[in-house]
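Down below is the structure, laid out as C-alpha cells.
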Amino acid sequence: MRILVVEDEKKLATFLKRALKEKGYAVDVAHDGAEGLFLAQENPYDLIILDIMLPEKNGLAVCQELRKEEKAVPILMLTARDDVEDKISGLDSGADDYLTKPFSYGEFLARVRALIRRHRDRKTPVLRVADLELNQLTHKAQRAGKDIELTSTEYALLEYLLLNANQIVTRTMISEHVWNDQFDSYSNVINVYLNYLRKKVDEGFDQKLIHSVRGSGYILKEPS
Ligand code: CA
C-alpha cells in the first residue's frame, strides 16, 4: 500500500508520514499542489491525502484534475477549519472523504483504513467476456485491446448484457433495466440500439459475442 501525502505544513507532513509508515504503508510526501499532482499522475497510489490550502495549486484543483484524468484513487481531503463550504467544494471536486484540522491520530488512521478498504472492495469494476472488457468506473469499453466508443445508452445496454453474460435477456428485461421510463418494449428502439452495439462490438471479428435469439431476445456469450 502506497500513500501520497500532499501537505505544505512541514511538521504535519512529517508527522503524517511517520504515523503511516509505522502502520506499514509506503509514503511519499509533496509540499505543494503542483508537485503533488505530478506524483499522483506518475505513481499508482492506493490513497492520496490532500490538503486544500497549498502553494502552487490548491487541493481542490489537484483533485479535479485527477478526476478529469479518470484516476480513481481514493482522496482524503484535509480542511483547515470546520468550514462547511470547504467540505462541500472538496466533495464536489471528487474527494472521497475529508478531515478537519486539527484531527486526532486515531481518527486519521481510521479514515485511512476505511478509504483503502472501501476502494479495494470496489476495485474490480471491469466486466469481461472473451476479449471484450467494460470498465464500470470509467465507462470505457475495449475489444482485443482496442477502444470502443459508446454512447450512454449503448453503454447501459452493453453493461446489462455483460452483467447477464451467457444468459438470454428478453426485450422486456432490457426495456425494464436499461430504459427507465415507461417504454414500449415492442417498439423498434431496442433492435436499433442492439444493432449499433453489435456493429461496434462484433464487426471485424470472426467470433461474434452478441447474438439474437429468435423470438426470445439476445445473448452475449463466450464464443464456443
Ligand atoms: Ca496548507
Side-chain angles (χ1 to χ4, degrees), residues 1-126 134-141 147 150 152 155-156 159:
M1 290 287 151
R2 189 168 175 194
I3 298 179
L4 173 65
V5 174
V6 190
E7 170 59 74
D8 59 320
E9 288 166 52
K10 297 252 162 72
K11 259 171 93 174
L12 181 58
T14 307
F15 170 77
L16 295 178
K17 180 174 183 175
R18 203 166 44 213
L20 291 167
K21 278 183 106 171
E22 256 169 37
K23 295 292 170 191
Y25 300 107
V27 185
D28 295 334
V29 173
H31 295 294
D32 67 62
E35 188 193 1
L37 179 61
F38 174 76
L39 288 176
Q41 286 166 331
E42 294 298 304
N43 304 298
Y45 292 107
D46 298 290
L47 175 70
I48 297 175
I49 293 158
L50 186 59
D51 188 29
I52 289 189
M53 298 293 285
L54 288 167
E56 305 295 332
K57 205 179 207 33
N58 75 39
L60 298 174
V62 171
C63 189
Q64 271 165 1
E65 197 118 338
L66 289 172
R67 293 309 187 220
K68 218 164 62 197
E69 294 168 14
E70 294 180 346
K71 293 254 186 300
V73 55
I75 295 176
L76 173 60
M77 265 198 178
L78 305 181
T79 66
R81 60 216 138 89
D82 202 355
D83 185 334
V84 176
E85 283 301 313
D86 267 9
K87 287 177 186 170
I88 294 171
S89 343
L91 294 173
D92 278 350
S93 72
D96 297 272
D97 200 1
Y98 55 81
L99 203 51
T100 306
K101 296 178 188 176
F103 46 80
S104 80
Y105 172 73
E107 186 182 10
F108 169 70
L109 288 176
R111 298 283 179 110
V112 166
R113 279 195 304 272
L115 277 174
I116 288 178
R117 194 173 49 231
R118 220 201 293 161
H119 187 67
R120 198 175 42 215
D121 289 346
R122 61 163 195 220
K123 211 173 184 177
T124 38
V126 179
L134 186 70
N135 187 317
Q136 292 180 285
L137 209 66
T138 62
H139 288 197
K140 285 221 165 108
D147 287 344
L150 297 174
S152 54
Y155 170 82
E159 182 185 49

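Atom set for the values below is all heavy atoms of this structure, side chains included, hydrogens, waters and symmetry mates excluded.
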Starting at CD of Q64, measure out to CG of L66 and round the result to the nearest 0.5 Å. 10.5 Å

Any side-chain heavy atom of I75 within less than 4.5 Å of one from R67? yes

Looking at every non-hydrogen atom in both residues, tell me the closest pair between A141 and L150 and how far apart they are. CB-CD1, 3.7 Å

Under 3.5 Å, side-chain donor or acceptor atoms of residues 49-63 against the rest of the protein: list the pairs with distances, not counting sequence neighbours.
residue: D51; atom: OD1; partner: K101; partner atom: NZ; Å: 3.1
residue: N58; atom: OD1; partner: L60; partner atom: N; Å: 2.9
residue: N58; atom: OD1; partner: A61; partner atom: N; Å: 2.9

Apply side-chain hydrogen bond (donor to acceptor under 3.5 Å, both in side chains) to E70 and list each qualifying residue two or more places apart in sequence or on a separate chain. K140

Around atom CZ of F103, are there more than 12 heavy atoms from other residues, nucleotides or ligands closer than 6.0 Å? yes

Per the side-chain hydrogen bond (donor to acceptor under 3.5 Å, both in side chains) rule, what does the pair list look like for residues 26-36, sequence neighbours excluded? R2-D28, D28-Y45

Closest approach of V6 to G36 (non-hydrogen atoms, all atoms of both residues): CG2-CA, 3.9 Å

Those residues at least two apart in sequence (or on a different chain) that pass side-chain hydrogen bond (donor to acceptor under 3.5 Å, both in side chains) with E69 are Q41

Test your reading of the model: is there a side-chain donor-acceptor pair from E7 to the backbone of E9, 3.5 Å cut-off? yes

Distance check, rounded to the nearest 0.5 Å: E42 atom CD versus L37 atom CG? 10.0 Å

Walk me through whether I116 and I3 qualify under side-chain contact (heavy atoms from CB on, under 4.5 Å). CA-CA 10 Å; I116 288 178; I3 298 179; 4.2 Å; yes

Quick one, L134 and E159 - any side-chain contact, counting heavy atoms below 4.5 Å? yes

Run the side-chain contact (heavy atoms from CB on, under 4.5 Å) test against E22 and tell me which residues pass, sequence neighbours left out. R18, Y105

Rounded to the nearest 0.5 Å, what separates atom CE in M77 from atom CD1 in I48? 10.0 Å

Atom pairs and distances, donor-acceptor, side-chain atoms in residues 107-115, under 3.5 Å, two or more places apart:
residue: E107; atom: OE2; partner: R111; partner atom: NH2; Å: 2.6
residue: R111; atom: NH1; partner: D97; partner atom: OD1; Å: 3.2
residue: R111; atom: NH1; partner: D97; partner atom: OD2; Å: 3.2
residue: R111; atom: NH1; partner: Y98; partner atom: O; Å: 2.7

Smallest separation among heavy atoms of P74 and D96, with atom names: CA-OD2, 3.1 Å

